[in-house]
Chemist: 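I have a structure here, written as structure tokens, and I will follow up with some questions on it.
So you know, we letter chains A, B, ... as the sequences are listed, proteins then strands, and number each from 1.
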2 protein chains.
Amino acid sequence: MTQLELGESGAAAAETKLGRRRDHTRDPEILAAAIEVLAETGFDGMTIDMVATRAKAGKATLYRRWPSKNELVIDAVACMKMGDLDVAHLPDTGTLRGDLVAMIKPRSIQEAEKKMQIMAGLMSMLSTAPELADAANNAIAKPRATANRFLMQRAIDRGEISPQCDIETLALVTPSMAAYRTLIERKPVDRDFLISLIDGVLLPALGLVGGDPAQRGKVQPPAS
Amino acid sequence: MTQLELGESGAAAAETKLGRRRDHTRDPEILAAAIEVLAETGFDGMTIDMVATRAKAGKATLYRRWPSKNELVIDAVACMKMGDLDVAHLPDTGTLRGDLVAMIKPRSIQEAEKKMQIMAGLMSMLSTAPELADAANNAIAKPRATANRFLMQRAIDRGEISPQCDIETLALVTPSMAAYRTLIERKPVDRDFLISLIDGVLLPALGLVGGDPAQRGKVQPPAS
DNA sequence: TCTATACGATACTGTGGAGTTCCGGATCTC
DNA sequence: GAGATCCGGAACTCCACAGTATCGTATAGA
């Protein structure tokens, strides 16, 4: 956003006046390189030279576009658009469990893990750059929770689960626990893990059976 | 552990031979100072001078004990013992909900938030120092999950909840979601949030009612 | 074709922090 | 009290990286 504003409004007039305009066609490559390096080394380990080299650009070129390393990173995170989690592309299998399981794809797992790497790399910067915290939250964290919320709301609408359910909180279960597992436990977020979340936490909490239907009815009433 | 071994076995003999031995009485203060600075500035923002100044020690003194900044931090995290989550001190109210709610104390919330600050500060280092990742996980993450698991197992033993429940996964719900909320969403982990986890996720998933008993029975059978 | 400008590459500067060395004074042991 | 050693403090070296300046080249526009 930052550089888009500059590129499209302020600078453009001056650029067309004389000679050729600044070549913005390579900006996406630079931003992508920044994201890659960020994911691999973290914000503090990342150097401008690394990004420039990876993007096959000169360091000066980067500084012609972004005033500092911080601005570059903020822009890179804000412009980061990964695979679609748009409402239009979400699965619709007819049952909530079907939908949730259908969202487990190797591609989306891999993407989520990369997002988490990026988030880990940003961690040290988040407390001192609130704008970055927002950008990271919007690009990395929110989309999955939004998708979950949508699927659950649809399940409520068709009467599969009770409208009393706390879907606000439940929509955060998968992203939270996947983040915890990746960032802190350092274990892989594989299919088994996600299935155990669905069948061991989400569906039971929503009043649906988990994995083993045999456990239905075995639950005792609460000691009141 | 590292410095304890050195202090008690190898170096001790040499130290007693001549003059007085190295004064290890101030090590805890130094480690505590390191933890404080770590929580405030993160690993990369932390300097040895900051730690030395805060501990009212000389920088050279720190290097006499730990060979590098990394070792110091690893030791500080490993030796970090905060308020007790020992099994012996856990609440026992007779019901699982009572126990879980009894664990919500301003003191423990505050402590958990500090732990998360530390974890955030360590994040950038975790991928390059596996030993640190283990130390951090043991000191920061595991204790709360262990406590939750103990409370749930006790609830199983007294027949309050089904033994089929996936308590392994469910024990991680609170720490995971609290971590996500602190580190990524940057919202406070307050009592309301924890209560909504207990009543909106944990208890329903365990087959107990959540907050509002009126919703019992409204749940439809699963679409099979 | 000519000119102006942006480009990539590279050399340079300045700063900040890791790790080292040295010193005067305090403290323990004998 | 004497001797040895460790302490806190401060000055020092060394290096990595942010940010700047320069240069030869490539290319778009006139």
Chemist: Taking OP1 and OP2 of D:dC7, is either one under 4.0 Å from a side-chain nitrogen or oxygen of B:Thr61?
Modeler: no
Chemist: Check the pair B:Arg65 / B:Asp75 against salt bridge (Lys or Arg N to Asp or Glu O under 4.0 Å), numbers first and verdict last.
Modeler: CA-CA 11 Å; B:Arg65 289 170 172 67; B:Asp75 235 36; over 6 Å; no
Chemist: Hey, does A:Arg181 have a side-chain heavy atom less than 4.5 Å from the side chain of A:Glu113?
Modeler: no
Chemist: Is the distance from OP1 or OP2 of C:dG8 to the nearest side-chain N or O of A:Arg26 less than 4.0 Å?
Modeler: yes
Chemist: Return the value, rounded to whole Å, for the distance between atom CD of B:Glu29 and atom P of D:dC7.
Modeler: 13 Å
Chemist: To the side chain of A:Arg64, which of D:dG8, C:dG8, C:dT21 is closest?
Modeler: C:dG8
Chemist: Return the polar atom pairs (N/O with N/O) between nucleotides 16-18 of chain C and the protein under 3.5 Å, or none.
Modeler:
from, atom 1, to, atom 2, distance (Å)
C:dA18, OP1, B:Met46, O, 3.2
C:dA18, OP1, B:Lys69, NZ, 3.2
C:dA18, OP2, B:Ile48, N, 3.2

Chemist: Do you see a donor-acceptor pair shorter than 3.5 Å between the side chains of A:Ser124 and A:Asp44?
Modeler: yes
Chemist: Just the atom pairs and distances: protein N or O near nucleotides 13-15 of chain D's N or O, under 3.5 Å.
Modeler:
none

Chemist: Regarding A:Ala60, tell me which of base, sugar-phosphate or nothing describes its non-hydrogen contacts under 4.0 Å with the strands shown.
Modeler: base
Chemist: Could you name each residue pair satisfying side chain to side chain donor-acceptor pair (under 3.5 Å) that touches residues 129-149 of chain A, not counting sequence neighbours?
Modeler: A:Asn138-A:Lys142, A:Asn148-A:Thr174, A:Arg149-A:Glu168
Chemist: Give the intermediate values and the outcome of salt bridge (Lys or Arg N to Asp or Glu O under 4.0 Å) for residues B:Arg26 and B:Glu29.
Modeler: CA-CA 5 Å; B:Arg26 304 218 34 227; B:Glu29 298 176 43; 3.1 Å; yes
Chemist: List the residues meeting salt bridge (charged side-chain N to carboxylate O under 4.0 Å, His left out) with B:Asp49, not counting sequence neighbours, and say none if there are none.
Modeler: B:Lys59
Chemist: Output all residues satisfying salt bridge (charged side-chain N to carboxylate O under 4.0 Å, His left out) with B:Asp92, sequence neighbours left out; order by chain, then residue number.
Modeler: B:Arg154
Chemist: Just how far, in rounded Å, is P of D:dC7 from CG of B:Leu62?
Modeler: 11 Å
Chemist: Partners of B:Glu40 by salt bridge (charged side-chain N to carboxylate O under 4.0 Å, His left out), sequence neighbours excluded?
Modeler: B:Arg54
